[in-house]
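Heads up: numbering here begins at 1 and tracks the sequence.
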Amino acid sequence: MRIPCPFCGSRDSREFVHRGDAGPVRPADGSDAEAMFEYVYQRSNPAGLIREHWYHAQGCRNWIVVERDTRTHAVSGGAWPDTAR
């Protein structure tokens with residue numbers, strides 16, 4: 001699988017560390033325990049296009065957001081986290 005790093009270009013996925021779904025947003029400070037439980041444990045597992053965090057450990061050492069189809073592992077893009085939303 002090739003991952004398009006915005007800084008280094010297209011690279012093999014073995015250069016990266018996968019963190020997971022980029023969609024969930026951490027609850028604000030002072031949120032109740034149920035909100036934190038939902039954030040940590042209640043994740044969806046969609047079949048199709050998903051946005052994920054990947055860390056380019058063997059390259060530029062930056063976090064990027066990658067769009068990947070979970071059914072085929074086809075990667076359709078990569079961007080810096082602040083521009084990916």
Side-chain angles (χ1 to χ4, degrees):
M1 186 167 65
R2 305 286 294 178
I3 297 179
C5 176
F7 187 77
C8 302
S10 180
R11 297 288 201 242
D12 190 274
S13 64
R14 291 175 288 189
E15 292 185 13
F16 294 83
V17 176
H18 178 257
R19 177 176 166 219
D21 189 358
V25 177
R26 184 182 179 95
D29 288 343
S31 296
D32 62 356
E34 186 171 336
M36 186 56 83
F37 177 84
E38 292 287 325
Y39 170 72
V40 173
Y41 296 107
Q42 301 300 315
R43 300 289 178 103
S44 62
N45 189 16
L49 196 61
I50 188 171
R51 293 173 53 246
E52 301 172 314
H53 283 123
W54 288 77
Y55 178 66
H56 198 177
Q58 302 299 317
C60 62
R61 299 188 185 269
N62 284 302
W63 284 98
I64 63 172
V65 175
V66 173
E67 289 185 355
R68 180 178 68 91
D69 189 318
T70 60
R71 296 169 296 195
T72 64
H73 296 294
V75 175
S76 60
W80 301 116
D82 57 344
T83 61
R85 290 200 181 262

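Checked by atom type and distance alone, the side chain of T70 never pairs as donor or acceptor with a backbone atom of I50 at under 3.5 Å. At distances below 3.5 Å, not a single donor-acceptor pair connects side-chain atoms of S10 with backbone N or O atoms of P4.
Residues passing the side-chain contact (heavy atoms from CB on, under 4.5 Å) test with E15, sequence neighbours excluded: R11, H56, Q58. Every residue two or more places apart in sequence or in another chain that forms a ring-ring contact (aromatic ring centres under 6.0 Å, His included) with Y55 is listed here: W63. For the side-chain contact (heavy atoms from CB on, under 4.5 Å) test, residues two or more places apart in sequence or in another chain that qualify with P27 are S31, A35, M36, Y39.
Residues H53 and V65 form a side-chain contact, since some pair of their non-hydrogen atoms from C-beta on lies under 4.5 Å apart. You'll find the side chain of E67 stays beyond 4.5 Å of the side chain of V75, heavy atoms only.
Here the CH2 atom belonging to W54 is positioned 6.0 Å from the CZ atom belonging to R68, to the nearest 0.5 angstrom. Of the inter-residue distances, the one linking M1 atom CE with H73 atom NE2 reads 7.0 Å to the nearest 0.5 angstrom.
A 6.0 Å sphere centred on CD of E34 holds no more than 12 heavy atoms belonging to other residues, nucleotides or ligands. Counting non-hydrogen atoms of other residues, nucleotides and ligands closer than 6.0 Å to CG of N45 gives a total of 12 or fewer.
V17 and A57 get closest at one heavy-atom pair: CG2-CB, 3.9 Å. Contact between C5 and I64 at its shortest, heavy atoms only, is CA-CD1, 4.1 Å.
By the 30° and 60° cut-offs, the orientation of the rings of F7 relative to W80 is tilted.
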What do the steps show when you test D12 against R2 for side chain to side chain contact (heavy atoms under 4.5 Å, CB included), and what is the final call? CA-CA 5 Å; D12 190 274; R2 305 286 294 178; 4.0 Å; yes
